[in-house]
Amino acid sequence: MGRYELVRSDDAPAVAADLEAGTAAPCDGYPKRRVFTPSPSPSPAPASTRYRQRLVSLDVFRGITVLRVPDKLDASRKALLRALKLFCLGLVLQGGFFHGVRSLSFGVDLQEIRLMGVLQRIAIAYLLTALCEIWIRGDEDVDYGYDLLKRYRYQLFVGAVVAITYMSLLYGTYVPDWEYQTSAPGSTEKHLFVKCGVRGDTSPGCNAVGMIDRKILGIQHLYGRPVYARSKQCSIDSPQNGPLPSDAPSWCQAPFDPEGLLSSVMAIVTCLIGLQYGHVIVHFQKHRERMMNWLIPSFSMLVLAFAMDFFGLHMNKPLYTLSYTLGTAGAAGLLFSGIYTLVDIYGYRRPTVAMEWMGMHALMIYVLIACNVLPIFIHGFYWKEPKNNLLKFIGIGA
């Protein structure tokens, strides 16, 4: 299998959209940037198929690029280093170092640092998926969709084992009663008792995901503002944070990490599914073939997800259940297929140029906005009084 690389081709000839040919001309004259082309193989390909337009939809949708790397140990080392960088960056950004946008103080007690987060989850899923791609893939030729399943059957087997392990732990682990302590500014410390003694429960207070995080990570290292604190059970001002109702459950003030250990295990399955979408790009050149190998699995996963939800295995984002994983992966496949049709088949790049740029700089956007770096910067510079900040200068919030 030849090695795939990105090369420039600003003067590539334009052709008309053709579902069978696998090429398309931009409809608005937007300039081409790069092409995605296989390196020479023992039997050279015809000149008409030697160069392919870069799949802009990958940047729009934040698809993945899979390298064919000859040195597996070196590739594993690079994957490990990249995962460690993402994990450490996540610790800094979501571990509690940056406080609220209305506070200019910063810092975090290492005894209470949040250990997990979005980037840490991405790091774990990326590392395991990268190792699967490097070490456990077949060498069979791929001509049809079934061949794709056969070539990457071991990766799919890993995904199935991970999903079964997660389901076994979520629905088979016994969750005993537990307690925790909490205190608010100006109040005394309180000890709260949560009665569980159940198995297979998916409620906020008695699920196996939270129990495993409390046992392994420690409750002091979990996310202190979980989403269920804004539910009707826990907030008078629901769906906003507010005072506790008089009959609020005892778990309402307990920390819970939506990016915990067990839920991050299922993120590996999501990443493996995304990897298979990438394999379709590598092995099929015609638009029609690619679309069929995306749409059929996507619809199948959506149907299975809704069937599981109907029979009681509900879609639950904080727990990252299997039905939620299949539902989001199927929906993502359909969305990506639509973007691919719009951008790469018919060439409508101008309407999506902003999203393309955001996709190419996703980590920077996440750091600036999702982690409050940009709001802190805006609120952090003021004249004489904090209320005289940049927002007031440009006429917002005056």
List the atom of Cys196, the atom of Pro176, and the distance in Å for their closest heavy-atom pair.
-> CB-O, 3.5 Å
Qualifying residues under side-chain hydrogen bond (donor to acceptor under 3.5 Å, both in side chains), relative to Ser203, sequence neighbours excluded = Asp201
Output the distance between atom SG (Cys132) and atom CZ (Arg137), rounded to the nearest 0.5 Å.
-> 12.0 Å
Not counting sequence neighbours, list each pair that qualifies as a ring pair (Phe, Tyr, Trp, His ring centres under 6.0 Å) and has a residue in residues 194-231.
-> Tyr228-Trp251
Other residues, nucleotides, ligands: >12 heavy atoms within 6.0 Å of Met315 CE | yes
Transitively linked via ILVMFWY side-chain contacts under 4.5 Å: Met301 with Met167?
-> yes
Where do Arg214 and Gly205 come nearest, in terms of heavy atoms and distance?
-> NH2-O, 4.4 Å
Would you say the side chain of Leu222 lies within less than 4.5 Å of the side chain of Phe256, judging by non-hydrogen atoms?
-> no
Linked, directly or transitively: Val265 and Ile216 (ILVMFWY side chains, under 4.5 Å) = yes
Side-chain donor or acceptor of Gln120 paired with backbone N/O of Leu115 under 3.5 Å | yes
With the side chain counted from C-beta on, respond yes when Gln181 and Leu192 share a heavy-atom pair under 4.5 Å apart, and no when they do not.
-> no
With no hydrogens and no angle check, do the side chains of Ser264 and Tyr320 hold a donor and an acceptor under 3.5 Å apart?
-> no
Set of residues satisfying side-chain contact (heavy atoms from CB on, under 4.5 Å) with respect to Thr173, sequence neighbours excluded | Leu169, Ala208, Met211
Enumerate, atom names and distances included, each donor-acceptor pair closer than 3.5 Å involving a side-chain atom of residues 238-246, sequence neighbours excluded.
residue : atom : partner : partner atom : Å
Ser238  : OG   : Arg230  : O            : 2.7
Ser238  : OG   : Lys232  : N            : 3.4

Would a 4.5 Å heavy-atom cut-off, applied to side chains only, mark Val175 and Arg199 as touching?
-> no
For the residue pair Arg290 and Phe284, what are the closest heavy atoms and their distance?
-> NE-O, 2.6 Å
Decide whether Arg121 and Ser263 meet the rule of one side-chain donor and one side-chain acceptor closer than 3.5 Å.
-> yes
Does the pair Glu356/Arg350 count as a salt bridge with the N-to-O cut at 4.0 Å?
-> no
Carefully, step by step, assess Val269 and Met266 under the rule side chain to side chain contact (heavy atoms under 4.5 Å, CB included).
-> CA-CA 5 Å; Val269 177; Met266 283 304 295; 4.2 Å; yes
Is the CZ atom of Phe306 crowded by more than 12 outside heavy atoms at less than 6.0 Å?
-> no
Gap separating the CD1 atom of Ile273 from the CD1 atom of Ile268, nearest 0.5 angstrom = 12.5 Å
Atom CG of Leu149 and atom CD of Glu140: how far apart are they, to the nearest 0.5 Å?
-> 11.5 Å
Nearest 0.5 Å please: distance from the CD1 atom of Ile122 over to the CD atom of Glu259.
-> 9.5 Å
Within-4.5 Å side-chain heavy-atom neighbours: Tyr324 and Leu319 = no
Is the count of non-hydrogen atoms from other residues, nucleotides or ligands lying under 6.0 Å from Phe299 atom CZ greater than 12?
-> no
N/O donor-acceptor pair under 3.5 Å between Asp213 side chain and Leu261 backbone = yes
All heavy atoms of Ser235 vs all of Ala229, minimum pair found to be CB-O, 3.5 Å
Out of curiosity, does Ile164 fall in the hydrophobic cluster containing Tyr171 (side-chain heavy atoms, cut-off under 4.5 Å, transitive links)?
-> no
After noting the C-alpha distance and the side-chain angles of Asp257 and Arg114, does the key distance pass the salt bridge (Lys or Arg N to Asp or Glu O under 4.0 Å) rule?
-> CA-CA 9 Å; Asp257 208 313; Arg114 183 187 177 193; 2.8 Å; yes
Are more than 12 heavy atoms from other residues, nucleotides or ligands located less than 6.0 Å from atom CG of Asp141?
-> no
Aromatic Tyr126 / basic Arg82 pairing, under 6.0 angstrom, 45° off normal = yes
Without swapping roles, check the side chain of Tyr348 against the backbone of Leu342 for a donor-acceptor pair under 3.5 Å.
-> no
From CA spacing to verdict: side chain to side chain contact (heavy atoms under 4.5 Å, CB included), Leu86, Leu127 = CA-CA 10 Å; Leu86 280 173; Leu127 178 60; over 6 Å; no
Mind checking the OG1-CG spacing from Thr165 to Leu262? Nearest 0.5 Å is all I need.
-> 9.5 Å
Is the backbone N or O of Met308 less than 3.5 Å from a side-chain atom of Ser323, with the two atoms forming a donor-acceptor pair by type?
-> no
Backbone N or O of Thr321 within a donor-acceptor pair of the Asn316 side chain at under 3.5 Å?
-> no
Side chain to side chain contact (heavy atoms under 4.5 Å, CB included) between Glu189 and Thr182, worked out | CA-CA 6 Å; Glu189 193 172 79; Thr182 183; over 6 Å; no
Within the side chain of Glu133, is there an N or O that forms a donor-acceptor pair under 3.5 Å with the backbone of Thr129?
-> no
Whether Trp178 side chain and Lys195 backbone form a donor-acceptor pair below 3.5 Å = no
Are side-chain heavy atoms of Leu334 and Leu295 found at a separation under 4.5 Å?
-> yes
Which one of Tyr144, Tyr277, Tyr152 satisfies the ring pair (Phe, Tyr, Trp, His ring centres under 6.0 Å) criterion with His283?
-> Tyr152
Would you mind reporting whether Gln155 and Gln276 have side-chain heavy atoms less than 4.5 Å apart?
-> yes
Would you check, one step at a time, whether the test side chain to side chain contact (heavy atoms under 4.5 Å, CB included) holds for Val209 with Leu170?
-> CA-CA 7 Å; Val209 173; Leu170 178 63; 4.0 Å; yes
Sequence-distant partners of Tyr166, side-chain hydrogen bond (donor to acceptor under 3.5 Å, both in side chains), two or more places apart | none
Centroid-centroid distance, His287 to Tyr340, less than 6.0 Å | yes
Is it the case that more than 12 heavy atoms not belonging to Phe193 sit under 6.0 Å from its CZ atom?
-> yes
Would Tyr154 and Leu156 show up in the same hydrophobic cluster when neighbours are defined by side-chain heavy atoms closer than 4.5 Å?
-> no
Taking Thr325 for its side chain and Thr270 for its backbone only, find out whether a donor-acceptor pair lies under 3.5 Å.
-> no
With the 4.5 Å side-chain cut-off for hydrophobic clustering, are Ile296 and Met291 part of the same group?
-> no
State, with a plain yes or no, whether a side-chain heavy atom of Val142 is found less than 4.5 Å away from one of Lys150.
-> no
Rounded to the nearest 0.5 angstrom, the CZ-CD1 distance for Arg153 and Ile136 is 11.0 Å
Set of residues satisfying salt bridge (Lys or Arg N to Asp or Glu O under 4.0 Å) with respect to Arg77, sequence neighbours excluded | Asp74
Would you say the side chains of Gln111 and Gln220 form a donor-acceptor pair under 3.5 Å?
-> no
Quick one: are Leu119 and Phe87 in side-chain contact, heavy atoms under 4.5 Å?
-> no
